[in-house]
Amino acid sequence: RGINILITNLKTVELCNDKLKFNKFLEKNSFPNLKTYKFNGIVKKNFLIKDRFGAGSVISMINNKKLDNNKYIIQEKIKGKEISVDCWSS
């Protein structure tokens with residue numbers, strides 16, 4: 001008796017929580033993906049600054065603003081409809 005907890009293994013959770021590592025995984029396995037780079041302090045036009053860790057991109061911004069933080073990635077901005085999915089199955 002008791003509660004059975006089902007969760008993805010830690011390696012997968014860490015991969016999916018880090019947008020930079022996840023993008024490299026997509027590239028390595030030939031999945032289509034957006035150009036994504038480690039933040040270097042300057043962002044050119046048509047790129048987004050996003051939080052590197054976690055879900056979503058609440059702090060995304062489009063401009064040439066300088067940030068001094070290794071917690072961000074730079075990702076190309078493309079035209080199209082944004083789709084976000086959360087899934088819970090029991």
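Taking a 4.5 Å side-chain heavy-atom cut-off between Ile, Leu, Val, Met, Phe, Trp and Tyr, the cluster of V13 contains only that residue. I7 belongs to no hydrophobic cluster with other residues, because no ILVMFWY side-chain heavy atom falls under 4.5 Å from its own, directly or through intermediates. Taking a 4.5 Å side-chain heavy-atom cut-off between Ile, Leu, Val, Met, Phe, Trp and Tyr, the cluster of F31 extends to L15, F22, F25, L26.
Residues satisfying the side chain to side chain contact (heavy atoms under 4.5 Å, CB included) criterion with L34, sequence neighbours excluded, are T36, Q75, E76, I78. With sequence neighbours left out, the side chain to side chain contact (heavy atoms under 4.5 Å, CB included) criterion links S30 to no other residue. Listed by chain and residue number, nothing satisfies the side chain to side chain donor-acceptor pair (under 3.5 Å) test with N17 (two or more places apart in sequence, or in another chain). Applying the side chain to side chain donor-acceptor pair (under 3.5 Å) rule to T12 yields the partners N9; only residues at least two apart in sequence or on another chain are considered. Residues meeting the side chain to side chain contact (heavy atoms under 4.5 Å, CB included) test with K24, sequence neighbours left out: L20. Under the side chain to side chain donor-acceptor pair (under 3.5 Å) criterion, N29 pairs with no residue at all, not counting sequence neighbours.
The structure places CZ of F47 at 6.0 Å from NZ of K35, a figure rounded to the nearest 0.5 Å. Once rounded to the nearest 0.5 Å, the distance linking NZ of K50 with OH of Y72 reads 13.5 Å.
Inter-residue side-chain proximity for K71 and D51 is flagged as unmet; no heavy-atom pair is nearer than 4.5 Å. At a threshold of 4.5 Å between non-hydrogen side-chain atoms, the residues Y37 and I73 do not count as touching.
The list of salt bridge (Lys or Arg N to Asp or Glu O under 4.0 Å) pairs with a residue in residues 7-18, not counting sequence neighbours, reads D18-R52.
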